[in-house]
Undergrad: 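So that we are looking at the same thing, I have put the structure below in structure tokens.
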Amino acid sequence: IFTETRRICSPSTRFAVETCLLNRLAQLAGRPLWQLLRNPTLTAPPETLPTSALLDPNSTEVIERAQHLFDAGVRTFKLKVGHRIEHELDLLGQLRRRFGADLRLRVDPNSTWTDEEASKLQAVNDDLHIEWLEDPTEEADTWHDLECSIPLAADEVLVGEEPSATFLDWLHVGVVVLKPMALGGFSACLDWARIAERSGRVVSVSHFFDGPVALDATIQLAFAVQSPGITPGLGLHDGLFAWSTSSLYASTDHIVRPAFP
């Protein structure tokens, strides 16, 4: 299947086609799709995985939203930053002080920060304890020169690249974020996941503001390749407002291991 689908140029189209084909194979086998993708030598994944939530630092209600999600059981927040760094650093500090050591914070400037701005985060990280910094600056070839002890994560920078350990070494990253809608389906994500695992890197599966079908397919991938002890970048999101979410494998604070295709 993957030999044929690799010919499809559009990443989202390839993801859709692979979802259809693999789901049909899973139906014929009477197994959930994640079992077709997971290394059979590994033990079964847990029955549930925790979710994470995206926070907008520019929202006037960001603290209230964070409190609501924390009360509902969410412990991992990702902040999309890159507009007002002093405000964003202050907000990160507020979140850490408010929710304490139980909170995991991830920072994603979407390649908009300068080296100096990344250094500002590093300077206050002893208080913030950031889990990882994702796609920090536009010049990926300088990431290895950043004076930053925070683990670096590769997300959108992987789009269009051939999966290779050499590329990850060049980026100097320890975390590989997999979005099948952006990278090109299960095939590309499995390639990156194998490389990450062999080189001792963390794999975190995430959404691309997917609709319900794509999100459920991405959840199947998470139970196949997600690194143990790491919260995936999955859960309900604002892009699902047009659909009912009652039948999804995702809820506010956890995703459920699929039992069916």
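No experiment lies behind these values; they were computed from the predicted model shown.
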Undergrad: So how far is it from L89 CG to L121 CG, rounded to the nearest 0.5 Å?
TA: 6.0 Å
Undergrad: Look at atom NE2 of H254 and say whether more than 12 heavy atoms of other residues, nucleotides or ligands are closer to it than 6.0 Å.
TA: yes
Undergrad: Treat each ILVMFWY residue as a node, draw an edge where side-chain heavy atoms are under 4.5 Å apart, and state whether L105 and V74 are in one component.
TA: yes
Undergrad: I need the minimum non-hydrogen distance between R38 and L42, along with the two atoms involved.
TA: NH2-CB, 3.8 Å
Undergrad: Side-chain contact test, heavy atoms from C-beta onward, threshold under 4.5 Å: evaluate it for L133 versus C148 and give yes or no.
TA: yes
Undergrad: So does L128 get a backbone contact from the side chain of R96, meaning a donor-acceptor N/O pair under 3.5 Å?
TA: yes
Undergrad: Apply side chain to side chain contact (heavy atoms under 4.5 Å, CB included) to V176 and V202, showing your working.
TA: CA-CA 6 Å; V176 179; V202 166; over 6 Å; no
Undergrad: Hey, does P261 have a side-chain heavy atom less than 4.5 Å from the side chain of L33?
TA: no
Undergrad: Distance alone, cut at 3.5 Å: any donor-acceptor contact between the side chains of T166 and S164?
TA: no
Undergrad: Taking atom types as modelled, find out whether Q35 and R31 have a side-chain donor-acceptor pair closer than 3.5 angstrom.
TA: yes
Undergrad: Hey, does Q220 have a side-chain heavy atom less than 4.5 Å from the side chain of Y249?
TA: yes
Undergrad: When you measure from the side chain of Q122 to the backbone of S149, do you find a donor-acceptor pair of N or O atoms at a distance under 3.5 Å?
TA: yes
Undergrad: With no hydrogens and no angle check, is any side-chain donor or acceptor of Q226 less than 3.5 Å from a backbone partner on V205?
TA: yes
Undergrad: Start with the C-alpha gap between L79 and R106, add the side-chain angles, then the distance that decides, and say whether side chain to side chain contact (heavy atoms under 4.5 Å, CB included) holds.
TA: CA-CA 6 Å; L79 275 74; R106 300 169 182 175; over 6 Å; no
Undergrad: How close do A140 and V157 get, heavy atom to heavy atom, and via which atoms?
TA: CB-CG2, 4.0 Å
Undergrad: Could you report the tightest heavy-atom contact between A72 and T252, atom names first, then the distance?
TA: CB-CG2, 3.8 Å
Undergrad: Closest heavy-atom contact between L95 and A66?
TA: CD2-CB, 3.8 Å
Undergrad: Measure the shortest side-chain to side-chain distance between V81 and L91 over non-hydrogen atoms and say whether it is less than 4.5 angstrom.
TA: no
Undergrad: Is S10 reaching over with its side chain to a backbone N or O of T13, donor-acceptor style, under 3.5 angstrom?
TA: yes
Undergrad: Any sub-3.5 Å donor-acceptor pair from D210's side-chain atoms to F208's backbone N or O?
TA: yes
Undergrad: CD of E61: more than 12 outside heavy atoms within 6.0 angstrom?
TA: no
Undergrad: Answer yes or no on whether R75 is positioned over the face of F70, meaning its NZ or CZ is under 6.0 Å from the six-membered ring centre and within 45° of the axis.
TA: yes
Undergrad: Are K78 and D56 within salt-bridge range, i.e. N to O under 4.0 Å?
TA: no
Undergrad: Would you kindly confirm whether L92 and L152 end up in one hydrophobic cluster when ILVMFWY residues are joined by side chain heavy atoms under 4.5 Å apart?
TA: yes
Undergrad: When clusters are formed by joining ILVMFWY residues with side-chain heavy atoms under 4.5 Å apart, either directly or through shared neighbours, do L54 and F99 land in the same one?
TA: no
Undergrad: State yes or no: do L49 and V177 share one hydrophobic cluster built from I, L, V, M, F, W and Y residues joined by side-chain heavy-atom distances below 4.5 Å, directly or via other members?
TA: no
Undergrad: Evaluate the criterion side chain to side chain contact (heavy atoms under 4.5 Å, CB included) for residue pair S187 and E18; output intermediate values, then yes/no.
TA: CA-CA 8 Å; S187 54; E18 289 181 354; 2.6 Å; yes
Undergrad: Contact between P258 and I219 at the side-chain level, heavy atoms closer than 4.5 Å - yes or no?
TA: yes
Undergrad: Could you grab the distance from atom CH2 of W170 to atom CD of E161, nearest 0.5 Å is fine?
TA: 7.5 Å
Undergrad: With respect to I85, which candidate in H83, E88, H87 satisfies the side chain to side chain contact (heavy atoms under 4.5 Å, CB included) definition?
TA: E88
Undergrad: Can you tell me if NE2 on H129 sees more than 12 non-hydrogen neighbours from other groups inside 6.0 Å?
TA: yes
Undergrad: Would you say D135's side chain and E156's backbone share a donor-acceptor pair under 3.5 angstrom?
TA: yes
Undergrad: Quick one: pull up NE2 in H172 and CH2 in W143 and give me the separation to the nearest 0.5 Å.
TA: 12.0 Å
Undergrad: Pairing donors with acceptors under 3.5 angstrom, does anything connect the side chains of T41 and N39?
TA: yes
Undergrad: Just checking, is any N or O donor in the side chain of E138 or S111 under 3.5 Å from an acceptor N or O on the other one?
TA: no
Undergrad: Do NZ/NE/NH1/NH2 and the carboxylate oxygens of D90 and R84 come within less than 4.0 Å?
TA: no
Undergrad: Return yes if some donor-acceptor pair links the side-chain N/O of R201 with the main-chain N/O of V173 below 3.5 Å, else return no.
TA: yes
Undergrad: Roughly how far apart are F186 CZ and L36 CG, rounded to 0.5 Å?
TA: 9.5 Å
Undergrad: A side-chain contact here means heavy atoms from C-beta on lying under 4.5 Å apart; do R7 and R14 qualify?
TA: no
Undergrad: What are the two closest non-hydrogen atoms of P180 and C189, and how far apart are they?
TA: CA-SG, 3.5 Å
Undergrad: Which atom names give the shortest non-hydrogen contact between S206 and L234, and what distance separates them?
TA: C-CD2, 3.7 Å
Undergrad: I'd like to know if the side chain of T76 and the backbone of R104 have a donor-acceptor N/O pair within less than 3.5 Å.
TA: no
Undergrad: Looking only at atom types and distance, does a side-chain atom of W132 sit under 3.5 Å from a main-chain N or O of I150, one as donor and one as acceptor?
TA: no
Undergrad: Can a donor-acceptor pair be found, under 3.5 Å and without considering hydrogens, that links the side chain of N125 to the backbone of I130?
TA: yes
Undergrad: How long is the span from the CG atom in L221 to the CG atom in D216, to the nearest 0.5 Å?
TA: 12.5 Å
Undergrad: Step through it carefully: locate the ring centre of F209, locate the ring centre of H207, and say whether they are under 6.0 Å apart.
TA: yes
Undergrad: Is any side-chain heavy atom of K179 closer than 4.5 Å to a side-chain heavy atom of D155?
TA: yes
Undergrad: Please identify which of these residues, I255, I230, T231, meets the side chain to side chain contact (heavy atoms under 4.5 Å, CB included) condition with P50.
TA: T231
Undergrad: Check whether V17 and V213 end up in the same hydrophobic cluster, where Ile, Leu, Val, Met, Phe, Trp and Tyr are linked by side-chain heavy atoms less than 4.5 Å apart.
TA: no
Undergrad: What's the separation between atom CH2 in W192 and atom CG in L158, rounded to the nearest 0.5 Å?
TA: 5.0 Å
Undergrad: Evaluate H144 against L171 for side chain to side chain contact (heavy atoms under 4.5 Å, CB included), listing each step before the verdict.
TA: CA-CA 6 Å; H144 62 276; L171 291 175; over 6 Å; no
Undergrad: May I ask you to test the R6-D191 pair for a side-chain heavy-atom distance under 4.5 Å?
TA: yes
